[in-house]
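Below you'll find the structure, written out as structure tokens, and then a few comments.
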Amino acid sequence: MPVFDWVAHHALTRPNDIVFALLETGEQRTWRELEERVGRLARLFRDEYALRKGDVVSIIAENDIRYFEVQFACIRAGLLFAPFNFRLSLGELEEQVGIVKPKLLIFDEAWASVAHDLIGNCGISSSLTWGKG
């Protein structure tokens, strides 16, 4: 069954409407902006990280709009999205890595130390990090 691309649909039908707004920072995204960012990220996954349909992308990060961008980019690229709960211990996270076997781990500055431990201990082949803003 084909997956309906909600981001592309809304970018065409209501491009200037706000889809996300963070109360804490005032950061916002319109559907058009989300479409551009999701498209770039999906291409990055495919072209730079050589991820293929069915590969797993995991993330360990604080709440951020980019979390949704990663999720929609995974859907668009045919990748599986397996987020990790940062409230788990390193051992519990290592168990989850062993189960889902991500090809790419995305993390933010707050979880860089844990992410590097997971990459080193579990042999995750690729990683991507983002800073604040």
Side-chain angles (χ1 to χ4, degrees):
M1 174 192 300
V3 175
F4 187 79
D5 192 330
W6 285 103
V7 176
H9 169 76
H10 288 295
L12 288 172
T13 60
R14 45 193 283 198
N16 298 317
D17 287 357
I18 302 295
V19 61
F20 297 121
L22 289 180
L23 295 176
E24 299 88 3
T25 65
E27 184 179 9
Q28 297 181 341
R29 294 279 190 281
T30 64
W31 283 105
R32 178 184 293 124
E33 291 167 334
L34 184 62
E35 168 64 22
E36 291 168 1
R37 293 173 66 91
V38 165
R40 282 196 318 262
L41 194 53
R43 284 188 298 279
L44 179 79
F45 289 162
R46 183 184 59 241
D47 298 342
E48 298 297 321
Y49 288 93
L51 299 177
R52 299 293 172 245
K53 187 175 182 177
D55 285 344
V56 177
V57 173
S58 289
I59 188 170
I60 186 164
E62 298 289 323
N63 292 335
D64 192 289
I65 288 175
R66 293 172 287 190
Y67 216 102
F68 293 103
E69 294 169 353
V70 169
Q71 184 176 10
F72 284 120
C74 285
I75 292 168
R76 183 168 293 175
L79 305 171
L80 303 175
F81 180 61
F84 293 138
N85 184 337
F86 57 73
R87 292 174 182 88
L88 298 178
S89 70
L90 182 59
E92 291 168 321
L93 289 167
E94 288 173 344
E95 278 187 54
Q96 289 188 349
V97 168
I99 293 168
V100 301
K101 297 177 179 24
K103 296 268 175 121
L104 174 64
L105 177 63
I106 300 171
F107 59 94
D108 63 9
E109 291 173 346
W111 295 98
S113 176
V114 171
H116 289 295
D117 286 345
L118 290 173
I119 291 163
N121 296 348
C122 302
I124 298 171
S125 57
S126 296
S127 64
L128 175 64
T129 186
W130 69 56
K132 293 194 182 280

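As the structure is a prediction and not an experimental result, all values here were calculated from the model. Side chains included, hydrogens not; waters and symmetry mates left out as well; all remaining heavy atoms used.
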Candidate list Leu12, Val7, Thr13, Asp5, test side-chain contact (heavy atoms from CB on, under 4.5 Å), partner His9, passing option: Thr13
From CG (Asp117) to CG (Leu93), nearest 0.5 Å: 10.0 Å
Contact summary for Cys74 and Val57, nearest pair of heavy atoms: SG-CB, 3.7 Å
Approximate separation, where rounding is to 0.5 Å, of Arg37 CZ and Arg66 CZ: 7.0 Å
Over all atoms of both residues, closest heavy-atom pair of Gln28 and Ile18: OE1-CD1, 3.3 Å
Atom of Val97, atom of Cys122 and distance for their closest heavy-atom approach: CG1-CB, 3.5 Å
Donor-acceptor under 3.5 Å (Ser58 side chain, Leu105 main chain): no
Heavy-atom pair with the smallest gap, counting every atom of Ile124 and Pro102: CG2-O, 3.8 Å
Under-4.0 Å salt bridge between Glu35 and Arg76: yes
Interatomic spacing from CZ in Phe81 to CD1 in Ile106 - rounded to 0.5 Å: 7.5 Å
Over all atoms of both residues, closest heavy-atom pair of Ala82 and Val56: CB-CG1, 3.8 Å
Ile59 with Phe107, same ILVMFWY side-chain cluster at under 4.5 Å: no
Co-membership, hydrophobic cluster, residues Phe45 and Tyr67, 4.5 Å side-chain: yes
Sequence-distant partners of Glu62, side-chain hydrogen bond (donor to acceptor under 3.5 Å, both in side chains), two or more places apart: Trp111
ILVMFWY cluster, Val70 and Phe84 together (side-chain gap under 4.5 Å): no
Single-linkage hydrophobic cluster, 4.5 Å side-chain cutoff, Phe86 and Trp130 together: no
Set of side-chain contact (heavy atoms from CB on, under 4.5 Å) partners for Val19, sequence neighbours left out: Arg29, Trp31, Leu34
Atom pair CD (Glu69) and CZ (Phe20), whose distance is rounded to the nearest 0.5 Å: 7.5 Å
hydrophobic_cluster_shared for Ile99 and Leu79, side chain cutoff 4.5 Å: no
Non-hydrogen atoms of Asn85 and Arg87 that approach each other most closely: OD1-N, 2.8 Å
Donor-acceptor under 3.5 Å (Ser126 side chain, Leu104 main chain): no
side-chain contact (heavy atoms from CB on, under 4.5 Å) between Leu128 and Leu44, worked out: CA-CA 11 Å; Leu128 175 64; Leu44 179 79; 4.2 Å; yes
Euclidean distance, Leu41 CG relative to Arg46 CZ, rounded to 0.5 Å: 11.0 Å
